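The model shown is predicted, which means the values in this text are computed figures rather than measured ones. Here is the naming used below: chain letters follow the sequence lines, and residue numbers restart at 1 for every chain.
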Amino acid sequence: MTNESLRHTLEEKQPLLEFRGVDTYYGSLHILKSVDYRVGEGEIVALLGANGAGKTTTMKTILGIVRPRSGQVLFEGKRIDGEQTGRIVEAGIAPVPEGRRVFPRLTVLDNLKMGAWTRKDGQVKQDMDRVYDLFPRLAERKNQQAGTLSGGEQQMLAIGRALMARPRLMIMDEPSMGLSPILTERVFDTVVEINKQGTTIFMVEQNAYMALQVAVRGYVLQTGEVVLADTAPNLLASDMVRKAYLGET
Amino acid sequence: MAQPPVLLETQALTRSFGGLTAVDNLDFVVRKDEIVSLIGPNGAGKSTVFNLISGIYPPTAGRILFKGVNIAGLKPDRVERQGIARTFQTLRLFANMTVLENVLVGFHSRLKSNVIEDLIRPPWVARAERDAVEEARQLLRMLGQRLYTQQEFRAADLAYADRRLLELARAMASQPDLLMLDEPTAGMNPSEAADFMELIRRVHDRGFTILLIEHNLSVVMGVSQRITVLDYGLKISEGTPDEVRRDERVIEAYLGRKAATA
Amino acid sequence: MTRLVFLVLALVIAVVWVARAVQVGVNRRLAGRLAAVWRTTGSAGGLLHKLAGSLRAVREVLGEDPWLSRLLLLLVLDVAVAYPVFDSSDVRVGTADQAEVFVLLALGLNIVVGFAGLLDLGYAAFFAIGAYTAALLASTHFSVGKHGSIVSNLLLSVGNGGIHFNFFALIPLAALVAAFFGILFGAPTLRLRGDYLAIVTLGFGEIVPKVVSNLGASNSLFLGRGNTLPVPNITNGVNNIVGIDKPPDVHIGPIHWTFQTNDPRPWYFLGVIIIVISIVMITRLRGSRLGRCWVAIREDEIAAAHAGVNITGARLTAFALGAAFSGFGGLLYATQLGTVSYDLFTFSVSVTILVMVILGGIGSVPGVIIGGIIVSYLNQSWLTTLSAWLNTQGGSFDHAWGPIGALGAWLHTVPLATAKPMIFGIILVLMMLLRPQGLIPERRRAREFRPETEQEAQEELEELYTLRTGEI
Amino acid sequence: MTLDVLISGVVLGSLYAIVALGYTMVYGIIELINFAHGDVFTLGAFISIPVIQAIISQNGSTPTLGQSIFAIGAAMVVAALCCAVVGVVIERVAYRRLRNAPRLAPLITAIGVSLIMENAMAQWQGGLPVFYPTALQPSSYTILGTTLTNTQILVILGALAMMLGLDMFVNRTTIGKAMRAVAQDREAASMMGINVNFIISLTFFVGSALAGAGAVLYGIDLGSLGYDSGFTLGLFAFTAAVLGGIGNIRGAMIGGLIIGILQEYVSGLGNGVGTEWYDTAIFSVLVLILVFRPSGILGTNTAEKV
């Protein structure tokens with residue numbers, strides 16, 4: 001796909017999530033530097049970058065935990081920067097945080113309930129069944145404390161917990177972190193499956209190869225700046241990504 | 001050719017957290033004057049190995065022999081005094097101390113003074129302090145002119161790459177027999193990382209034995225003499241960079257088959 | 001005659017200071033900085049910020065030339081030594097004597113709270129230990145033997161007249177005893193998180209007076225199953241120990257000090273000397289290898305441990321040193337008063353000293369001295385004076401109309417002097433919320449109170465010897 | 001140890017347990033020793049005095065059982081609500097702004113708040129102990145060969161009800177689970193959309209309400225209290241919380257009982273000598289626990305992840 005056709009497809013779709021020139025700071029430390037992202041409805045978009053490049057800050061900015069000093073974050077065309085996290089989750093964004101962050105001394109079932117915290121409709125039960133369908137393993141262990149699950153199971157639980165919010169957009173921070181290759185593959189299969197069922201996915205990943213296999217497009221973030229934005233195949237082919245993120249010389 | 005003596009050796013090193021085994025029966029060896037790397041996917045247990053060696057938590061089982069002495073379970077300060085210094089993946093500098101003061105803390109175990117001497121500062125203590133300051137400056141100069149000229153800056157005000165350098169300087173200050181670097185190039189862009197690796201090579205040439213955790217494969221392959229690959233707390237491969245690169249299991253677990261063939 | 005000497009000395013120092021200041025061009029730089037401060041903190045800052053900024057500018061400019069600070073110190077010292085010569089009121093000088101004791105205590109607590117970052121809520125316990133060391137080892141309390149004295153020399157006499165250590169021999173002894181108890185109390189808990197130390201020291205602060213009162217004549221220790229063992233009279237229990245020795249007379253050159261209860265001046269000079277020596281030692285301590293360790297531990301405990309710092313050891317040393325200075329304070333206090341009693345060392349005393357440190361500026365030596373002076377005077381005289389003044393003012397219009405009369409009636413009876421704990425509490429809360437770095441901040445500490453990055457804030461909360469709970 | 005000592009120990013221990021719950025909940029959620037908690041407790045007792053006086057005339061006439069139950073119930077509700085509000089205000093004013101400050105800062109404000117409250121109560125109620133009004137006509141029952149007063153039964157039942165209620169609230173209700181979630185991982189909880197500030201306020205609300213209600217039981221049981229009663233009591237209750245495992249609700253209950261029994265046991269020793277040493281004994285327990293098992297009886301000691 002050429003750059004021109006890429007631009008074309010982007011403009012065609014109404015972006016579900018959009019960053020417009022977002023700058024964030026911690027104190028005097030400039031983290032995100034005038035960053036633009038567009039995540040279209042139904043897409044899987046990958047965000048690549050080294051440690052400290054600003055990936056996690058991106059996640060926190062979307063969720064309203066970090067507030068941009070300038071720029072806008074739009075969800076379905078409406079500004080969400082400055083909103084409370086609860087309102088953002090309610091609007092349809094659910095996170096799968098880095099390092100899973102399940103509540104270790106709550107049961108699997110209670111963890112899922114926490115994911116549905118902002119839900120006011122009465123259909124939580126259906127979604128719970130859907131999560132159990134997707135991850136039968138969780139159904140078997142629903143009364144077990146989450147801290148006793150294996151790493152892979154915890155990742156499933158983190159994803160399931162996010163699904164409980166019935167999100168339009170799921171943001172995933174390093175879903176493959178700490179997982180063996182086989183499990184990583186399974187997680188990515190699940191991601192594709194969830195996406196097929198209609199959830200848009202914005203994913204931060206270190207495992208660039210796997211991420212770009214499932215994503216349509218990707219961004220490369222370096223010390224707070226977007227240095228590359230292209231389709232997944234183009235990124236996979238680019239020298240820079242091959243060198244920096246695929247470990248090729 | 002006789003091999004150099006073993007400096008560090010772990011024997012059946014194991015650590016579990018709750019039900020999860022983060023490091024499982026690990027044996028590996030670092031010989032004097034080597035650069036050895038630990039690699040593996042995130043969460044494979046590399047950082048846990050570092051934390052076990054440096055004494056943040058004791059192993060569940062197994063031994064850690066350093067210069068022939070079992071140091072497993074010693075507190076971090078005791079480990080440091082045995083001759084092991086380290087850096088951290090997430091930088092841990094003394095943010096409100098100056099660059100020079102940060103390095104001087106690294107001199108801690110080499111300076112000797114008791115409480116009374118600290119209270120009245122006799123001439124010999126003052127002299128030792130002056131010498132330490134001088135040596136700290138030389139160390140900073142060796143690591144780069146920029147750090148040297150910024151020695152009175154607050155550590156928090158340094159640029160990111162300089163903070164990494166400073167942490168290295170602090171670790172080197174105690175003249176450790178073993179220098180452990182935990183992802184020193186994390187957060188650097190590829191060219192900064194390459195520069196840093198060049199520096200690590202120079203540090204090595206000055207007689208430091210180095211144990212490295214690194215994510216950036218090009219860096220690891222270029223600088224290490226031997227590599228140990230961990231996955232899920234288990235050692236899955238060990239050898240020279242070339243041997244490791246060709247190892248089927250490493251390709252499977254870490255490099256990725258598709259990536260390796262791509 | 002003496003007054004003239006001090007005046008001339010002050011004048012000379014002032015002249016030299018001005019000359020030096022002109023020579024290094026302080027006026028120009030200071031004017032520039034001040035102008036900048038008053039411009040930049042304009043609309044948003046407010047007057048308070050401008051004043052704080054100006055103070056900072058003055059300190060910074062003066063700090064650029066070491067001689068200026070040294071001369072200023074000399075001037076302060078001159079004034080401090082001259083004070084009782086100019087003030088003819090024995091009562092006021094006596095108040096100053098007590099303030100000196102508290103300054104000494106504040107300096108000691110500052111080592112623990114300010115340098116090492118440990119909250120010690122039972123600091124008065126060490127004050128008590130110092131005072132009781134004096135009371136037991138320099139009074140008629142312990143009668144040994146039947147006739148005359150067994151040992152009698154310049155430093156020590158022991159006999160049926162009691163144990164009498166020379167005051168100057170008691171100085172190191174009181175410090176050592178207090179430091180020993182500091183280690184005894186600190187060792188079990190210093191491995192743990194800081195807030196446990198706070199609660200344990202609070203407990204020790206409650207227990208020490210209790211134990212002291214229990215170790216008197218009419219009490220017993222139980223030995224299980226109803227058997228009791230009478231306790232020998234160690235502390236005189238709830239009764240005071242009286243007749244504590246005064247320091248020996250000092251005659252050196254023109255100096256003739258006789259330590260009498262009715263003359264506060266020699267005590268004052270003795271206090272100044274002890275404080276000056278303490279300040280010199282504490283400043284050296286802060287710049288020493290150990291002082292550096294304490295900063296490192298405060299900044300990042302884990303990194304400090306990996307640089308070879310024995311965290312428990314460094315903290316314990318801080319605790320022991322703090323206790324030792326408190327021991328000096330107790331010694332001075334006991335000999336000044338000539339009597340000690342178990343209830344002089346309760347929690348409220350610990351809190352008073354803590355307020356001095358917080359108000360003046362955690363970690364800042366000039367700060368805690370100022371804090372010590374302010375709080376000590378508040379405690380001893382200002383509050384009573386202010387309260388009396390308010391009461392009379394209120395009384396003058398308490399029959400006025402409506403709310404004004406009500407205000408008058410309230411002012412007429414407002415019990416400021418008994419509201420000390422509340423005033424201290426308000427000071428603690430307001431300082432932490434509005435100016436945690438204190439009146440005269442220590443530069444580094446000021447920064448620590450406002451971490452700039454999330455990571456800094458995070459690291460601040462991470463400790464090596466920790467007990468995370470995350471449970472309910 | 002006689003059965004009498006055991007029973008009075010359990011009664012006292014139940015009161016400690018209720019106060020310990022407040023410490024342990026707050027510590028669990030924001031890792032702060034809330035020094036003011038003991039004084040909130042005292043405040044609850046003072047507030048409940050006029051409530052009881054209003055319902056039961058104190059001129060020597062005997063209250064009926066119905067009157068007693070109504071008076072005690074009303075006093076507990078009023079005290080609980082007032083204390084809850086005070087607790088929430090304290091958190092909002094004195095602690096919230098310091099949540100990211102160095103740990104020393106909120107600890108110092110906590111001491112400040114404690115001093116303010118104690119002195120305010122001293123100005124209000126005077127420095128001498130205040131008699132707590134009679135709410136219950138004393139009577140006693142003989143059960144299994146031992147004598148129990150109706151006050152003792154009231155305290156044990158009341159404390160049991162509060163503790164069971166809290167346990168249910170925290171472990172069964174969704175909002176209780178959210179509270180635990182915030183304690184376990186504040187940031188992850190906020191990512192779920194849980195309003196962390198609200199949950200922390202709620203924790204203070206519940207903990208302080210328990211203290212207020214417990215204070216009524218304390219007043220009825222001990223018959224008098226002073227402006228600074230909560231200080232020592234708070235120290236002992238905190239010891240109980242640490243003994244049981246700080247942050248752990250069931251641990252606080254067990255710790256409270258142990259401390260209560262220990263106090264009554266030591267107090268009864270050696271012909272009155274024990275009364276002079278029991279606080280030293282309790283305090284030694286705190287030190288011993290911290291030295292040998294800082295995680296307490298039920299707590300888990302988890303190493304910091306670096």
Taking side chain as everything from C-beta outward and backbone as N, CA, C, O, which of these in B:V105 sits under 4.5 Å from a heavy atom of chain C? Side chain, backbone, both or neither. both

For a side chain to side chain contact (heavy atoms under 4.5 Å, CB included) check, start with the C-alpha distance between B:R121 and C:R284, then their side-chain angles and the critical distance, and finish with the verdict. CA-CA 7 Å; B:R121 191 176 310 161; C:R284 300 214 145 172; 3.9 Å; yes

Tell me, do B:I56 and C:I302 make a side-chain contact under 4.5 Å, heavy atoms counted? yes

Separation of B:E129 CD from C:S288 OG (nearest 0.5 Å): 7.5 Å

Verify, without hydrogens or angle tests, whether C:R289 (side chain) and B:H108 (backbone) share a donor-acceptor contact under 3.5 angstrom. yes

What option among B:M97, B:R81, B:R78 has the most heavy-atom pairs under 4.5 Å with chain C? B:M97

Which atoms of B:S174 come close to chain C, meaning under 4.5 Å heavy atom to heavy atom: side chain ones, backbone ones, both, or neither? neither

Does any part of the side chain of C:H306, heavy atoms only, come nearer than 4.5 Å to the side chain of B:E80, both counted from C-beta? no

Using a 4.5 angstrom heavy-atom cutoff, name the option from C:R286, C:R292, C:M281 with the most pairs to chain B. C:R292

May I have the step-by-step check of side chain to side chain contact (heavy atoms under 4.5 Å, CB included) for B:K75 and C:I311, ending in yes or no? CA-CA 10 Å; B:K75 292 283 179 209; C:I311 292 178; over 6 Å; no

Gap between atom CG of C:L285 and atom CD1 of B:I116 - 0.5 Å precision: 10.5 Å

Is it true that, when you exclude B:R146 itself, more than 12 heavy atoms of the residues, nucleotides or ligands shown sit nearer than 6.0 Å to its CZ? no

Output the option from C:A304, C:G308, C:G287, C:G291 having the highest count of non-hydrogen pairs under 4.5 Å with chain B. C:G308

Any heavy-atom pair between the side chains of B:I120 and C:V280 that's under 4.5 Å? no

Name the option with the most non-hydrogen atom pairs under 4.5 Å to chain B; the candidates are C:L290, C:I282, C:T283, C:L321. C:L290

Just wondering, do C:V309 and B:D77 contact through their side chains at under 4.5 Å, heavy atoms? no

Looking at CG of C:D300 and CZ of B:F88, how far apart are the two atoms once the value is rounded to the nearest 0.5 Å? 7.0 Å

Considering only NZ, NE, NH1 and NH2 on the basic side and carboxylate oxygens on the acidic side, decide whether B:R92 and C:E299 come within less than 4.0 Å. no

Check whether any side-chain N or O of C:R444 sits under 3.5 Å from a backbone N or O of B:N96 as a donor-acceptor pair, and report yes or no. yes

By a 4.5 Å heavy-atom criterion (distance strictly below it), what part of B:E101 contacts chain C: side chain, backbone, both, or neither? both

Atom NZ of residue position B:K67 - does it have more than 12 heavy atoms of other residues, nucleotides or ligands inside 6.0 Å? yes

